Amino acid sequence: MHYFERICSSMPEGFVSFERKVLLLEQLPLCVSYPEADFWSKSVVSLCPFEVHSSGFIEDQSNGALEVDFANKYLGGGALRSGCLQEEIRFMISPELIAGMLFLPCMEDNEAIEIVGAERFSNYTGYASSFCFSGDHVDKRNVDGFRRCKTRIVAIDALCRAGMRQYKCTYLLREANKAFCGFLDQSNCDHHKSPFQDGGSQGSQCMETDKDTNVVVKDFPMDEAPSTSVEIAMNRGEYINQVIGYSDKKGSWCLDLEDKIGIATGNWGCGAFGGDPELKTMIQWLAASQAARPSVSYYTFGIKSLQNLNQVSQWILSHEWTVGDLWNMLVEYSSRRFNKETNLGFFAWLLPTLFAHDAKMSNLTSTP
């Protein structure tokens with residue numbers, strides 16, 4: 001209701017654009033394909049800087065980062081019903097996001113949705129049953145060349161009812177690839193010859209790899225490359241929708257023409273979907289790193305299991321781990337967890353000495 005009050009007094013200008021991002025399930029020219037587990041295991045990409053925030057909210061970040069929407073596979077989830085979790089709240093404070101629910105069908109495992117230009121109109125307090133409108137919000141973010149507010153949101157849906165199956169390699173791969181699909185900016189890929197030999201029968205066709213993401217693509221003329229996304233530009237002032245399908249990625253509405261931006265995220269799929277926060281944190285980190293994002297800003301929302309996240313992430317960075325190193329450690333831990341060989345969380349399993357010391361100090365301080 002507040003949104004309609006605002007636009008009746010002053011109609012916004014510019015555009016909001018929606019893009020369905022796809023990791024193709026087959027190898028096609030100049031298109032990024034859905035990675036197998038071996039891809040992650042062998043990655044030599046360095047992990048990007050990782051910043052932990054124990055307070056604050058994703059939508060309040062001021063660095064222009066790509067904000068993660070902890071989405072339902074149907075964009076918007078319960079925004080038009082009774083939902084009041086992270087995704088629904090984001091759609092309430094920026095109601096133009098709701099438009100995407102009309103024309104963006106269910107996301108498959110190899111798909112994500114990126115939205116650029118959604119303005120924020122409201123403030124709020126609380127979460128779930130305590131969620132409440134708390135007044136007007138004036139969005140002071142700059143606009144880009146399309147007069148879009150410089151707000152970028154990516155919707156990625158986590159494994160639902162994760163349970164113990166989230167520790168199986170199949171589902172680890174699903175989550176890593178889902179985050180990678182959302183975080184990867186395919187329009188910014190430069191192509192380089194891969195140092196790895198392709199074992200398949202590709203004839204004389206040269207296999208190439210993006211220098212930042214290590215994603216295999218094929219050497220093909222740009223004008224013959226099929227588009228891997230469909231983009232919608234919504235003109236806010238004139239109520240005109242345009243469907244735009246670009247094969248030339250330089251013409252993309254959702255193209256980030258500036259320097260690469262980081263990821264702002266949090267406990268993706270760890271509430272109603274039942275995900276393991278320690279596992280999901282690491283998965284998002286390696287996906288952002290593989291996608292050549294310069295940094296991750298992680299908002300823990302005060303969750304207890306992540307109170308040592310900063311120590312763990314800094315320890316990993318100090319040992320100069322690659323994406324492959326972290327992936328292989330997650331696979332080993334998950335296998336042991338699934339087979340009931342350990343009931344420890346990933347952090348305590350990885351760094352038992354650190355956590356034993358913390359537990360000892362806690363006991364000392366609590367002793368009368």
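Just so it is clear, the structure is predicted and the values come from calculations on it, not from any experiment.
- In terms of hydrophobic clustering, with Ile, Leu, Val, Met, Phe, Trp and Tyr side chains grouped at heavy-atom distances under 4.5 Å, Leu351 and Ile316 are assigned to a common cluster.
- Rounding to the nearest 0.5 Å places CD of Glu119 at 11.0 Å from CD of Glu13.
- Side-chain atoms of Arg120 and Thr151 form no donor-acceptor pair, as typed in the model, at a separation below 3.5 Å.
- Using a 4.5 Å heavy-atom threshold, the side chains of Thr281 and Val312 count as separate.
- For Ile58 against Ala264, the heavy-atom pair with the smallest separation is CG2-O, 3.6 Å.
- With Arg337 contributing its side chain and Asn343 its backbone, the two residues share no donor-acceptor pair below 3.5 Å.
- Met101 and Val154 fall within the same hydrophobic cluster, defined by Ile, Leu, Val, Met, Phe, Trp and Tyr side-chain heavy atoms under 4.5 Å apart, directly or through other members.
- Phe4 and Phe133 are assigned to two separate hydrophobic clusters, defined by single-linkage of ILVMFWY side chains at heavy-atom distances under 4.5 Å.
- Proximity of a side-chain donor or acceptor of Asn110 to a complementary backbone N or O of Leu23 within less than 3.5 Å is detected.
- Aromatic ring pairs are classed by plane angle as parallel below 30°, tilted from 30° to 60° and perpendicular above 60°; the pair Phe180 and Trp40 is perpendicular.
- Pairs engaging residues 340-350 under the salt bridge (Lys or Arg N to Asp or Glu O under 4.0 Å) rule: none recorded [sequence neighbours left out].
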- Message: For a side chain to side chain contact (heavy atoms under 4.5 Å, CB included) check, start with the C-alpha distance between Lys178 and Trp268, then their side-chain angles and the critical distance, and finish with the verdict.
- Response: CA-CA 11 Å; Lys178 173 64 72 167; Trp268 172 53; 3.9 Å; yes
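- Under a 3.5 Å cut-off, the side chain of Ser313 and the backbone N or O of Asn310 do form a donor-acceptor pair.
- Between Leu47 and Val323 there is a side-chain heavy-atom pair separated by less than 4.5 Å.
- Taking 4.5 Å as the limit, every side-chain heavy atom of Phe301 sits out of range of all side-chain heavy atoms of Cys270.
- A side-chain donor-acceptor contact under 3.5 Å links Asn177 to the backbone of Pro35.
- A 4.5 Å side-chain heavy-atom check between Cys160 and Lys73 finds every atom pair outside the cut-off.
- Taking the six-membered ring for Trp and thresholds of 30 and 60 degrees, Phe103 and Phe18 have ring planes more than 60 degrees apart, a perpendicular arrangement.
- Minimum heavy-atom separation, Gly182 to Leu66: O-CD2, 3.8 Å.
- Rounded to the nearest 0.5 angstrom, Leu104 CG and Ile115 CD1 are separated by 7.0 Å.
- Taking both residues in full, the closest heavy atoms of Leu317 and Pro49 are given as CD1-CA, 4.4 Å, listed atom of the first, atom of the second, then distance.
- Listed by chain and number, the residues in a side-chain hydrogen bond (donor to acceptor under 3.5 Å, both in side chains) with Asn267 are Tyr298 (sequence neighbours excluded).
- Criterion: ILVMFWY side-chain heavy atoms under 4.5 Å apart, direct or through other members. Under it, Leu97 and Met1 are not part of a common hydrophobic cluster.
- Judged as a salt bridge (Lys or Arg N to Asp or Glu O under 4.0 Å), the pairs with a partner in residues 122-137 (not counting sequence neighbours) are, in order, Arg6-Asp136.
- Note: Tyr333 and Tyr167 have perpendicular aromatic rings, judged against thresholds of 30 and 60 degrees for the angle between ring planes.
- Contact record, Trp315 with His319: O-ND1, 2.8 Å, taken as the closest heavy-atom pair.
- Checked against side-chain hydrogen bond (donor to acceptor under 3.5 Å, both in side chains), Ser297 has no partners two or more places apart in sequence or in another chain.
- For Ser334 (side chain) and Leu330 (main-chain N/O), a donor-acceptor pair under 3.5 Å exists by modelled atom type.
- Separating the CZ atom in Arg293 from the CG atom in Asp185 is a distance of 5.5 Å, to the nearest 0.5 Å.
- Taking the centre of each ring, Trp321 and Trp327 stay at or above the 6.0 Å mark.
- Remark: side-chain polar atoms of Lys21 are paired, donor with acceptor, to backbone N or O of Leu184 under 3.5 angstrom.
- Chaining together hydrophobic side chains whose heavy atoms lie under 4.5 Å apart places Tyr171 alongside Leu159.
- At most 12 non-hydrogen atoms from other residues, nucleotides or ligands lie less than 6.0 angstrom from OH of Tyr74.
- One finds the CG atom of Leu80 at 6.0 Å from the CE atom of Met92 (value rounded to the nearest 0.5 Å).
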task = Using the side chain to side chain contact (heavy atoms under 4.5 Å, CB included) rule, take Val296 and Cys48 through it: C-alpha gap first, then chi angles, then the decisive distance, then the call.
result = CA-CA 7 Å; Val296 172; Cys48 66; 3.8 Å; yes
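- With rounding to the nearest 0.5 angstrom, the CG atom of Leu309 is 4.5 Å from the CZ atom of Phe347.
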Could you go through the side chain to side chain contact (heavy atoms under 4.5 Å, CB included) check for Ile261 and Arg152 one step at a time? CA-CA 10 Å; Ile261 59 175; Arg152 293 171 172 82; 3.4 Å; yes
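- Not counting sequence neighbours, Gln307 has no partner by the side-chain hydrogen bond (donor to acceptor under 3.5 Å, both in side chains) test.
- Pairs of residues two or more places apart, or lying in two chains, that qualify as salt bridge (Lys or Arg N to Asp or Glu O under 4.0 Å) and include a residue from residues 75-94 are Glu67-Arg90.
- Look at Asp157 and Arg174 and you find a salt bridge, because one of the NZ, NE, NH1 or NH2 atoms lies within 4.0 Å of a carboxylate O, short of that distance.
- No donor-acceptor pair under 3.5 Å is formed between the side chain of Asn72 and the backbone N or O of Leu75.
- The side-chain heavy atoms of His137 and Ile93, taken from C-beta on, include no pair separated by under 4.5 Å.
- Under the side-chain hydrogen bond (donor to acceptor under 3.5 Å, both in side chains) criterion, Gln166 pairs with no residue at all, not counting sequence neighbours.
- The salt bridge (Lys or Arg N to Asp or Glu O under 4.0 Å) contacts involving residues 321-332 comprise Glu332-Arg336, where partners must be two or more places apart or lie in separate chains.
- Residues that satisfy the ring pair (Phe, Tyr, Trp, His ring centres under 6.0 Å) test with Tyr299, not counting sequence neighbours, are His53.
- Annotation: side chain of Phe183 is in contact with side chain of Val68 (closest heavy-atom distance under 4.5 Å).
- Every residue was checked against the ring pair (Phe, Tyr, Trp, His ring centres under 6.0 Å) condition with Tyr127, not counting sequence neighbours, and none meets it.
- Between the side chain of Ser335 and the backbone N or O of Val331 there is no donor-acceptor pair closer than 3.5 Å.
- Annotation for Ala112 and Ile156: closest pair CB-CG2, 3.8 Å, computed over non-hydrogen atoms.
- With sequence neighbours left out, the ring pair (Phe, Tyr, Trp, His ring centres under 6.0 Å) criterion links Tyr124 to Phe131.
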Next on the checklist: side chain to side chain contact (heavy atoms under 4.5 Å, CB included), that's the test. Do Gln86 and Asp69 meet it? Break it down for me.
Outcome noted: CA-CA 7 Å; Gln86 192 258 9; Asp69 165 18; 3.7 Å; yes
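- One hydrophobic cluster, built from ILVMFWY side chains closer than 4.5 Å, cannot hold both Met282 and Phe273; they sit in different ones.
- Between Ser122 atom OG and Ile89 atom CD1 the span is 12.0 Å, to the nearest 0.5 Å.
- Smallest separation of non-hydrogen atoms from Asp139 and Cys149: OD2-SG, 3.7 Å.
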